[in-house]
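To keep things clear, I will list the structure first and then write my remarks on it.
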Amino acid sequence: MSAKKKKVVVGLSGGVDSSIAAFVLKEQGYDVIGLFMKNWHDTTGVLKADCPWLDDKFDAEAVARKLEIPFHMVDLSDQYRKRVVDYMFSEYEKGRTPNPDVLCNREIKFDVFFDEALKLGADFVATGHYCRKRTITVDDKEVYCLLAGSDPNKDQSYFLCQLSQKQLQKALFPIGDLQKPDVRRIAGELKLVTAHKRDSQGICFVGKVDLPVFLQQKLDTKKGDVILIPPDSELFIRDVNSDSNKASEEILQALSEPYRFNPNYGEKIGQHNGAHFFTIGQRKGLNIGGYSEPLFVIGTDVEFNQVFVGMGQNHPGLFRKGLKISGNEIHWVRPDLELSDDERRTYKVRIRYRQPLQDATLFLKKDGLYITFNEPQRGITAGQFAAWYSDDELIGSGVIDK
RNA sequence: UGUUCCGUGGUGUAAUGGUAGCACAGAUGGUUUUGGUCCAUCUAGUCAGGGUUCAAAUCCUUGCGGAACAA
C-alpha cells in the first residue's frame, strides 16, 4: 500500500476558481475536503441586493457533490467583522484607505479558516488564488516562496502579500499554473455550475458596495470644503536632489512626505459630505463640474474635514517619488531576505492590485522602511499596501504610512 | 438714473440666420476579489414674451436677471 494520501482542505467559495482548485487537487491524488466559509450576510449598502452567500454556498456544495468530495461549512462572520470590517471602518475614520482583502487573507482565510481546516485533519489548506508557491532550502532550512500566478492578467499574489512562512508552509495554490481561460474551460468540460459564473468583484465576501453608503453605517456625513490647488503651487516644489543615490535620511523623508495642503494654497470650489469618504486619485463623486479637465482628489484632511483636488491627469499633487512604511509594519514573506539597518536594495514594487511592477529602491532606516521609485507614482495612499517583488516572487510588503 | 455689454444642458463654454457641438459633472454598463483608476453608452440646454424671415441661439422689441462705465 502507498502512504496515506495527504489531506487537503480547499476553501470553496462558490466561484469557478476554487472549484477548479479542488478539481486539480483531486487529480493530483490528494484527499480533498471542501470547506465553505460564510463571512458576511449583511446587505447594507450592497449593490444588487440579493444576499448572495446562500447561492454561493449552494454552488460550492454542488461542486463538491460533482467532484465527490466531502463538504463542510463554517461561519466566520464574527471574526470577519471584527478583524476585517472593523479595521476598515477604523482606517477610513483616520482618513486612510484600507485594503480589506489583504487583511481578509491574513486574518481570515489563512488564519481562522486555516485553523478550522486543521481541525478537519488537513495537512494542507488550498485556495483558488492565482499565485504559486515554491519551496527552497536556505541554510538547511525550508523556505517557502510566494510567486505570481502564471496568468499575468490574474496574478493575485498581491492580495497575499501579508502571509507568513507559517501560513505559506501549509498553503497550496492549485490553479497558480493555469490561465483563467483554461480554468473556465475545464469547469465547462466538467459541467460545473460555477463554470460561467462571473468573477467576484468588490470587497471579498461583502461584494460590490456603494462605499459611502457602506461606510455611513459607522461614519457620519459632515459637510466640508473642496479646495482646488493650482498645479504650480509652491507646495509641489521639492528641492531635493532627485538623485536619491546619496539617500540621506533627510532626502528620503522629503521624498516620502505627503503634500501638506491647507486652504490658503487654493480656492474653495465646492462642498463634500465627509473627507473620509474620499481617497487620493479619486475622480468620481466630487460632483463638481465646469472644468476643462477632470478633478482628482490629491489629498484629504479628516481633522479639518477638507478635500483637496487638482485638475487634470498630470497634476503634480497626484504624484510622488517616495513612500514610507513604519518599522512595525514591515513584513517579509521571505524573512531570510530581510534588510539590515541602513541597507538598501532594489526591487520591483506595486502599490495596488494589478499595477505593473515599478522599479524602486528600498532603504531600511531606524524609523522605518523608505521606498523610492525611479518614476513618480500616482496616488500613493496611506493605508494601502506596497508589495515588493524580485522577478515574480513576492518578497515582502507593508502598509503605506505616508 | 443714463449708456454699454452679457444671458446656451447641473457647471464652463462653442456655434453671429440654415440640422445646437465640446468639456466637466451625473446616471448606467464594462474592466478589476481593496479603495481608486480606466473604457463605453446615455441623460440634459438656447432667460421669458412679442416680431422680422422659407428658416432665429444668432436680427428687431419689451420684460426679467447679471456685469461694466458714467459729472
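Both backbone and side-chain heavy atoms feed into the values below; hydrogens, waters and symmetry mates do not. Letters A, B, ... are given to chains in the order of the sequence lines, protein chains preceding strands, and every chain is numbered from 1.
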In terms of side-chain heavy atoms of [X], which of [options] is nearest?
{"X": "A:R378", "options": "B:G26, B:U33, B:U37", "answer": "B:U37"}
{"X": "A:Y353", "options": "B:A25, B:G35, B:U33", "answer": "B:U33"}
{"X": "A:K154", "options": "B:U33, B:G35, B:G36", "answer": "B:U33"}
{"X": "A:N99", "options": "B:U34, B:U32, B:A25", "answer": "B:U34"}
{"X": "A:F159", "options": "B:U33, B:C24, B:U37", "answer": "B:U33"}

Watson-Crick/G-U partner (both atom distances under 3.5 Å) of [N]:
{"N": "B:A14", "value": "none"}
{"N": "B:U46", "value": "none"}
{"N": "B:C5", "value": "B:G66"}
{"N": "B:G35", "value": "none"}
{"N": "B:A20", "value": "none"}
{"N": "B:A57", "value": "none"}
{"N": "B:A27", "value": "B:U41"}

For the side chain of [X] and the backbone of [Y], is there at least one donor-acceptor N/O pair under 3.5 Å apart?
{"X": "A:R320", "Y": "A:S256", "answer": "yes"}
{"X": "A:S18", "Y": "A:S13", "answer": "yes"}
{"X": "A:H276", "Y": "A:D220", "answer": "yes"}
{"X": "A:S233", "Y": "A:I229", "answer": "no"}

>> With a 6.0 Å cut-off (strictly less than), is the heavy-atom count around CG of A:D391, excluding the residue itself, greater than 12?
In response: no
Quick one: does [X] reach the base of [N] with a side-chain donor-acceptor pair under 3.5 Å?
{"X": "A:Q201", "N": "B:U32", "result": "yes"}
{"X": "A:Q282", "N": "B:U37", "result": "no"}
{"X": "A:T381", "N": "B:G35", "result": "yes"}
{"X": "A:R352", "N": "B:G35", "result": "yes"}

>> For the residue pair A:R350 and A:F385, would you count it as a cation-pi contact if the rule is NZ or CZ under 6.0 angstrom from the ring centre and within 45 degrees of the ring axis?
In response: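 That pair does not qualify as a cation-pi contact.
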Can you tell me how far [atom2] of [N] sits from [atom1] of [X], to the nearest Å?
{"X": "A:Q377", "N": "B:G36", "atom1": "CD", "atom2": "P", "result": "20 Å"}
{"X": "A:W40", "N": "B:U34", "atom1": "CH2", "atom2": "P", "result": "17 Å"}
{"X": "A:R283", "N": "B:A25", "atom1": "CZ", "atom2": "P", "result": "4 Å"}
{"X": "A:Y92", "N": "B:U34", "atom1": "OH", "atom2": "P", "result": "11 Å"}
{"X": "A:R354", "N": "B:C38", "atom1": "CZ", "atom2": "P", "result": "15 Å"}
{"X": "A:F214", "N": "B:G35", "atom1": "CZ", "atom2": "C1'", "result": "13 Å"}
{"X": "A:E91", "N": "B:G35", "atom1": "CD", "atom2": "P", "result": "15 Å"}
{"X": "A:F173", "N": "B:U33", "atom1": "CZ", "atom2": "P", "result": "16 Å"}

Does [X] put a side-chain nitrogen or oxygen below 4.0 Å from OP1 or OP2 of [N]?
{"X": "A:K284", "N": "B:U37", "answer": "no"}
{"X": "A:R198", "N": "B:U33", "answer": "no"}
{"X": "A:R106", "N": "B:U34", "answer": "no"}
{"X": "A:Q313", "N": "B:C38", "answer": "yes"}

Inter-nucleotide [atom1] distance ([N], [M]), Å rounded:
{"N": "B:A15", "M": "B:U8", "atom1": "C1'", "result": "10 Å"}
{"N": "B:U13", "M": "B:U52", "atom1": "P", "result": "34 Å"}
{"N": "B:C64", "M": "B:G50", "atom1": "C1'", "result": "15 Å"}
{"N": "B:A48", "M": "B:C69", "atom1": "C1'", "result": "27 Å"}
{"N": "B:U46", "M": "B:G7", "atom1": "C1'", "result": "10 Å"}
{"N": "B:A20", "M": "B:A68", "atom1": "C1'", "result": "29 Å"}
{"N": "B:A56", "M": "B:G66", "atom1": "C1'", "result": "24 Å"}
{"N": "B:C47", "M": "B:U58", "atom1": "P", "result": "8 Å"}

Reckon [X] touches a base, only the sugar-phosphate, or nothing at all at heavy-atom distances under 4.0 Å?
{"X": "A:F296", "value": "sugar-phosphate"}
{"X": "A:G128", "value": "nothing"}
{"X": "A:L103", "value": "nothing"}
{"X": "A:S292", "value": "sugar-phosphate"}

> If you find the nucleotide of RNA chain B closest to A:M88 and the one closest to A:I288, which residue's nucleotide is nearer the 5' end?
Replying inline: A:I288
> RNA chain B: A:K109 or A:G281, which has the more 5' nearest nucleotide?
Replying inline: A:K109
> Aromatic ring centroids of A:F261 and A:F308 under 6.0 Å?
Replying inline: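 So the answer is yes for these two rings.
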> Is the ring centre of A:Y259 less than 6.0 Å from the ring centre of A:F236?
Replying inline: yes
>> Quick test of your reading: applying salt bridge (charged side-chain N to carboxylate O under 4.0 Å, His left out), list the pairs with at least one residue in residues 120-129 of chain A, sequence neighbours left out, ordered by first then second residue.
In response: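 The answer is none; no pair qualifies.
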